[in-house]
Amino acid sequence: MSEQNASASNAGPAGEPAPARFRPTAVAAVSLDTIGDAIGVQVPGASAAVSVTGISLNSRTVEQGDLYVALPGASRHGADFVSQAVGRGAVAVLTDDAGARLLALSADTAAASVPVLVVDGPRNVVGPLSAMIYQSQPAAGRTPRLYGVTGTNGKTTTTYFINALLRALGQQTGLIGTIEILAGGEPVPSLLTTPESPDLHGLLALMRERGLDAASMEVSSHAVSFQRVDGVLFDVAGFTNLTQDHLDLHGTMEDYFATKAELFTPRRALRAVVTVDDEWGRRLAATARIPVTTLSMTPGGAPADWTVTSTSARGLGTGFSLQGPDGVTLNVHTGLPGAFNVANAALATVMVLASGMDAATVQAALDHHDPFTVAVPGRMQLVSEEPAAVVDFAHNTDALARALEAVRSPLPGSRVIVVFGATGQRDQGKRPAMGAVAAKMADIVVVTDDDPHDEDPAAIRADVLAGARAAREQESLECVIEEVYPRDAAIRRAVELAGPADTILVAGRGHEVWQEVKGVNLALDDRVELRNALTARGFTVLRDDRIES
């Protein structure tokens, strides 16, 4: 991430304060000479003894003793911000040839007051340097134990499930992901699925300092592509599934898969658990270069070490068995609806087992604490029961289909009303496909805006509507399709149309509380809007004080 982008990521929407800093309180100083040796750069004798106690990509988050890394950005180079970094306490700068030239031409005396190290591709060394400076995962006594979850859908819920199961096992845990960051204290809202590598290594070091036993973490394809997890070694890496998403970044599904597969290599993980219910999972299990435990949701399907069997409805959730090697069987329950949450719960369980936990101990924790009924903000979050009103993060074709399937009531006459849109400046190919899925699986389709960003919202809606209307015509569907905007009006419209026996699914944004339109962040929380609309119509809403976001 460039300095410019990093600055944006550290400023909250509409003037919100920057997120809390995650660093250990005590860092053993590393000499600049040692850093130079690590990256193959000769440090002049006068600068060799300079002490470095931190590292930052963002001049706004530099602290006294930091190495400031000046990277090229989309429109500005990080070298343009060296003066600010030095003013905040940076003791040295790491940059590329372009950055060095900018500094050489600059009349900035502050920039000339600190040593400058120049390497080709400084981004390539940021992760390993961060690990070295913060001693985030030392070879001796490497804690916390780290679980990383990747895949298109299910990452967030699976990390929450891992966290809940580990807590049920009596462990002190951390959490790093899309919604929030937990490091043994109060939760802090997250701005990136995976933090930048200096922040990530600082956070892992803080968890070590606070004595945490384990942490679960979402690992997005962006995190791998943008080298945010460089220098991190996961004890267990887990794979959920792979469906079309993020092709604006990766171009093709093959490239998307290859990026995910990088996590399952010896330099990034010690062992893996891979769900093999799609072809991508089977390919990954066959090609991963680390020990793999396989998991299947389908008895009689792809051969797997662990298989989900004997599923049965239990309220909104599902009870099931996990059959494993040597006749081991675990009885598991999740209170969250949908077959995909069975998959998430199964993956969380097997990942914890793969880290060395005893099956009998895990079963006791499952029996006594019901960890997979934990509330996950914006993930199949139930807002009311009559009508059933659910907010979910489903923002691609596969996730939307799974969510619609999960909320369909067996009661005669019950209808599904879905409110959703598509994100601007992202994979445009999924827009009509999402519209088609909604038309096929819902009774009333309300197409609205997601986060348009700088794209014309009407054009995005038109793409989604085209897919929905084409599916309705081609398959002679009886669904009602409406276009309603802005988003809060669409949510109110869905509630106006709903009866007590119906189900409303508001999909796409989940836990998010800001909507970006033409560079402006507008306060918008689907859960709040849905509660308000339901209350205005006289329906009873649920309150869950456990939910933080």
Side-chain angles (χ1 to χ4, degrees), residues 313-318 335-341 375-376 378-395 397 399-421 434-450 461 464-465 467-469 471-472 475-510 524-544 547:
R314 285 178 53 183
L316 289 173
T318 306
L336 276 63
F340 53 89
N341 278 317
V376 183
R379 302 309 193 270
M380 297 305 290
Q381 184 173 338
L382 193 65
V383 175
S384 71
E385 294 179 325
E386 292 183 352
V390 177
V391 172
D392 191 65
F393 192 57
H395 60 284
T397 309
L400 184 60
R402 293 181 185 215
L404 286 165
E405 180 182 31
V407 301
R408 172 66 72 177
S409 170
L411 296 175
S414 174
R415 301 174 303 167
V416 172
I417 305 167
V418 62
V419 179
F420 76 107
M434 291 176 67
V437 161
K440 293 173 185 177
M441 301 185 70
D443 301 286
I444 300 175
V445 176
V446 182
V447 175
T448 189
D449 299 325
D450 196 302
R461 295 193 303 269
V464 177
L465 286 162
R469 289 167 177 159
R472 181 175 62 180
E475 302 191 25
S476 301
L477 304 171
E478 297 183 357
C479 63
V480 174
I481 301 172
E482 296 190 8
E483 178 184 14
V484 183
Y485 57 94
R487 192 175 178 94
D488 56 347
I491 293 171
R492 289 194 298 271
R493 177 59 176 160
V495 174
E496 288 172 6
L497 295 169
D502 293 333
T503 297
I504 302 166
L505 172 65
V506 181
R509 303 187 69 252
L524 180 67
D525 186 327
D526 286 353
R527 298 163 295 181
V528 172
E529 297 298 334
L530 188 52
R531 288 189 187 107
N532 290 343
L534 290 162
T535 301
R537 274 209 61 198
F539 294 124
T540 300
V541 299
L542 303 174
R543 301 287 178 180
D544 192 340
I547 295 173

Of the non-hydrogen atoms in Gly338 and Ala406, which two are nearest, and what is the gap between them? CA-CB, 3.5 Å

Would you check if the side chain of Asp502 reaches a backbone N or O of Gly499 as a donor-acceptor pair within less than 3.5 Å? yes

Where is the tightest heavy-atom contact between Ala498 and Phe539, given as atom of each residue plus distance? O-CZ, 4.0 Å

Begin with the C-alpha distance, continue with both residues' side-chain angles, and end with the deciding distance and a verdict on side-chain contact (heavy atoms from CB on, under 4.5 Å) for Leu505 and Phe420. CA-CA 8 Å; Leu505 172 65; Phe420 76 107; over 6 Å; no

Show your working on side-chain contact (heavy atoms from CB on, under 4.5 Å) between Arg509 and Val391 and close with a plain yes or no. CA-CA 8 Å; Arg509 303 187 69 252; Val391 172; over 6 Å; no

Compare every heavy atom of Leu404 with every heavy atom of Ala442, then report the nearest pair and how far apart it is. CB-CD2, 4.2 Å

Any donor-acceptor pair under 3.5 Å linking the side chain of Gln381 with the backbone of Gly378? yes

Kindly compute the distance separating CD1 (Ile491) from CZ (Arg527), expressed to the nearest 0.5 Å. 11.0 Å

Which heavy atom of Gly421 sits nearest to which heavy atom of Asp450, and what is that distance? C-CB, 4.0 Å

Set out, in order, the CA-CA distance, both residues' side-chain angles and the distance that settles salt bridge (charged side-chain N to carboxylate O under 4.0 Å, His left out) for Arg487 and Asp449, then state yes or no. CA-CA 6 Å; Arg487 192 175 178 94; Asp449 299 325; over 6 Å; no

Main-chain N/O of Val416 paired to Asp443 side chain as donor or acceptor, under 3.5 Å: yes

Supply the atom-to-atom distance Leu497 CG to Ile417 CD1, rounded to the nearest 0.5 angstrom. 5.5 Å

Donor-acceptor pairs are to be reported for all side-chain atoms of residues 476-484 against protein atoms at under 3.5 Å, with residues two or more places apart or in another chain.
residue, atom, partner, partner atom, Å
Glu482, OE1, Arg493, NE, 2.9
Glu482, OE2, Arg493, NH2, 2.9
Glu483, OE2, Arg461, NE, 2.7

Can you list everything that forms a salt bridge (Lys or Arg N to Asp or Glu O under 4.0 Å) with Arg379? Sequence neighbours excluded, please. none

Can you see which heavy atom on Asp488 is nearest to which on Glu529, and at what distance? CB-OE1, 3.6 Å

For the CG atom of Asn532 and the CZ atom of Arg537, what is their distance to the nearest 0.5 Å? 15.0 Å

Look at atom OH of Tyr485 and say whether more than 12 heavy atoms of other residues, nucleotides or ligands are closer to it than 6.0 Å. no

Count the heavy atoms of every other residue, nucleotide or ligand shown that sit under 6.0 Å from CD of Glu496, and state whether that count exceeds 12. yes

Give a yes or no on whether the backbone of Arg408 and the side-chain of Thr503 come within a donor-acceptor separation of less than 3.5 Å. no

Applying salt bridge (Lys or Arg N to Asp or Glu O under 4.0 Å) to Glu385 and not counting sequence neighbours gives none

Any side-chain heavy-atom pair of Thr448 and Val419 under 4.5 Å: yes

Atom pair CZ/CG of Phe393 and Asp526 - distance to nearest 0.5 Å: 11.0 Å

Atom of Ala438, atom of Val445 and distance for their closest heavy-atom approach: O-CG2, 3.5 Å

So Leu534 and Pro387, do their side chains get closer than 4.5 Å, heavy atoms only? yes

